[in-house]
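In what follows, a structure is listed as structure tokens, so that the remarks can point back to it.
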Amino acid sequence: MFSKDFVWGAATAAYQIEGGAYEDGKGLSIWDTFCQRPGKIQASDTGDVACDSYHRFKEDVAIMKELGLKGYRFSIAWTRILPNGTGEVNQKGIDYYNALIDELLANGIEPFVTLFHWDYPNELFYKGAWLNAESPDWFAEYARICAKAFGDRVKNFITFNEPQCFIGNGFDGGGHAPSLNFGVRELIRMAHHVMLAHGKAVMAMREVYDDLKIGYAPTGSFFYPQNPESQADIDVAYNKTFETGDGGDSFGWTVAWWLDPILLGKYPEDGLKIYEKYLPQGWQDDLKIISQPIDFCGQNLYNGYGVRAGDNGELCWVKRYVGFPHTGNMWPVTPEAIKWCALFTNRRYGNIPIYFTENGMAGSDVISLDGKVHDPNRIDFLHRYLKELSEAIDMGANVKGYFQWSLLDNFEWSNGYRDRFGIVYVDYPTGNRIIKDSGYWYKDVIASNGENL
Ligand code: BG6
């Protein structure tokens with residue numbers, strides 16, 4: 001059963017929907033410049049215009065209202081607020097987010113603001129980005145400015161979206177901006193600075209307003225038991241979920257390396273044995289800052305891996321069968337992952353409130369002859385995941401909200417506009433929005449507070 005105040009929401013990110021990339025004093029981010037590099041993004045797509053939400057945000061809020069959303073998770077483009085990443089503030093950027101926030105509140109929709117969803121200021125990239133020991137202070141300054149500007153009305157903030165992804169895909173040989181290929185020494189240092197930036201930002205924001213609810217939205221590789229009745233399978237899945245790395249750069253996608261310091265105030269022991277030598281000097285003292293108490297734990301959860309215990313309790317992989325369900329971008333459909341992610345998060349980190357800050361699927365949706373967008377696969381996907389989520393809550397998981405990814409079809413990073421994740425279709429040539437069948441389905445779920453699942 002979902003609580004009466006359960007936050008049914010949808011999520012987006014600035015670079016993926018806003019457009020207006022060069023307007024009103026906004027500075028360049030690494031995604032602006034990366035998209036200008038030939039061959040980096042499929043079909044040479046860019047976020048220059050995207051869904052044009054920079055100009056059409058009122059229409060988007062009207063759609064949210066129509067769907068009955070209780071919460072909207074969006075991100076702030078750091079370079080709209082601080083074009084150079086630090087220093088002079090761009091009032092027009094503040095004005096834009098103020099207008100969006102006011103429009104949301106006027107329509108009864110609670111804003112959940114992510115401070116950083118990957119569009120890192122280009123000028124700070126030239127200074128070494130997260131490798132620079134000053135980078136946590138740059139971020140804390142930006143966080144403080146956002147708290148001052150918006151914290152009278154925005155009460156829910158998220159510091160980082162998926163650090164695993166922007167470090168892993170951005171600096172560990174992946175296809176995301178700036179697409180560098182660092183070694184584990186640099187990656188561990190960057191990760192540490194990102195978590196220190198999180199802690200410093202939490203402190204800075206709380207100095208401005210003491211009633212903010214602040215969280216963090218990581219992702220990671222989650223494992224679930226093949227047989228949910230078997231304690232041995234459950235334990236194997238739990239242990240695998242929180243294992244940290246094999247000595248290479250695989251720490252990057254783990255859950256514990258990125259969450260233990262923040263929620264437990266220490267790095268995981270197994271990871272430390274391998275990576276301690278790469279941590280910057282004074283890392284032990286930093287942990288006090290990194291582990292500032294936060295109010296909720298976000299989780300971006302799309303899928304997981306099934307495992308089971310062998311005869312001697314050892315981990316065995318559950319092979320996916322031929323034709324195993326997958327989404328339009330080939331991600332496996334594994335609804336049980338959301339249940340075990342919730343239960344395992346509470347098992348390791350206590351009863352901290354959890355928000356699923358992203359979950360959803362890519363499709364190849366089209367406008368049918370009847371002018372509508374029929375996406376039965378997405379309805380089925382969301383239905384399965386939400387049923388599992390409901391079970392997790394019944395089993396005691398402290399889940400307070402769910403943000404479907406994404407409200408709108410949008411610029412899906414290196415895949416450009418190929419994959420459509422929205423519950424609202426965006427016709428890019430015209431910018432027109434059409435609520436998909438899944439959007440109407442989600443509206444009914446919200447109206448019944450999940451009782452119709
Ligand atoms: C998450 C991100 O990793 O997954 C989103 O936080 C992203 O920004 C979503 O859009 C889907 O991933 P992708 O790689 O298909 O864009």
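All ligand and atom numbering here is 1-based and tracks the order in the structure. Below, each value reflects all heavy atoms present in this structure, side chains not excepted, and no hydrogens, waters or symmetry copies.
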Practice item. Pull out every atom of ligand 1 sitting under 4.0 Å from any heavy atom of Glu412, numbered as shown with elements. Key: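 Answer for ligand 1: 7 (C), 9 (C), 10 (O), 11 (C), 12 (O), 13 (P), 15 (O), 16 (O).
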
Exercise for review: Show which atoms of ligand 1 fall inside a sub-4.0 Å distance from at least one heavy-atom site of Phe421.
Suggested key: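 Under 4.0 Å from Phe421, ligand 1 has these atoms: 11 (C), 15 (O).
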
**Study point:** Which segment of Phe166 sits under 4.0 Å of ligand 1 when only heavy atoms are counted
**Key:**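 The answer is neither.
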
Exercise for review: Would you please say whether a donor-acceptor pair under 3.5 Å links the side chains of Glu23 and His55?
Suggested key: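 Yes, a side-chain donor-acceptor pair sits under 3.5 Å.
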
Review point. In terms of side-chain heavy atoms, does Gln299 have a donor or acceptor partner in Thr345 at a distance below 3.5 Å?
Key: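 A donor-acceptor contact under 3.5 Å links the two side chains.
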
Can you check whether [X] has an N/O within less than 3.5 Å of an N/O in ligand 1?
X      : answer
His176 : no
Asn161 : yes
Asp419 : no
Trp118 : no

**Study point:** Side-chain ion pair, Arg418 and Asp45, N-O less than 4.0 Å
**Key:**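 Not counted as a salt bridge, because no side-chain N and carboxylate O are separated by less than 4.0 Å.
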
Practice item. Answer yes when Lys372 and Asp437 have at least one side-chain N-carboxylate O distance shorter than 4.0 Å, and no when they do not. Key: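 No, no charged N to carboxylate O under 4.0 Å.
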
Practice item. Give the residue and atom name of whichever protein heavy atom lies nearest to atom 2 (C) of ligand 1, and the separation in Å to one decimal. Key: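 Of the protein heavy atoms, Glu358 OE1, 3.2 Å lies nearest.
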
Check your understanding: Between Tyr385 and Phe381, what is the ring plane arrangement, given parallel below 30°, perpendicular above 60°, and tilted in between?
Key ->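 Ring orientation of Tyr385 relative to Phe381: parallel.
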
**Study point:** Parallel, tilted or perpendicular: rings of His176 and Trp413 (30°, 60°)
**Key:**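 Tilted: the ring planes of Trp413 and His176 meet at 30° to 60°.
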
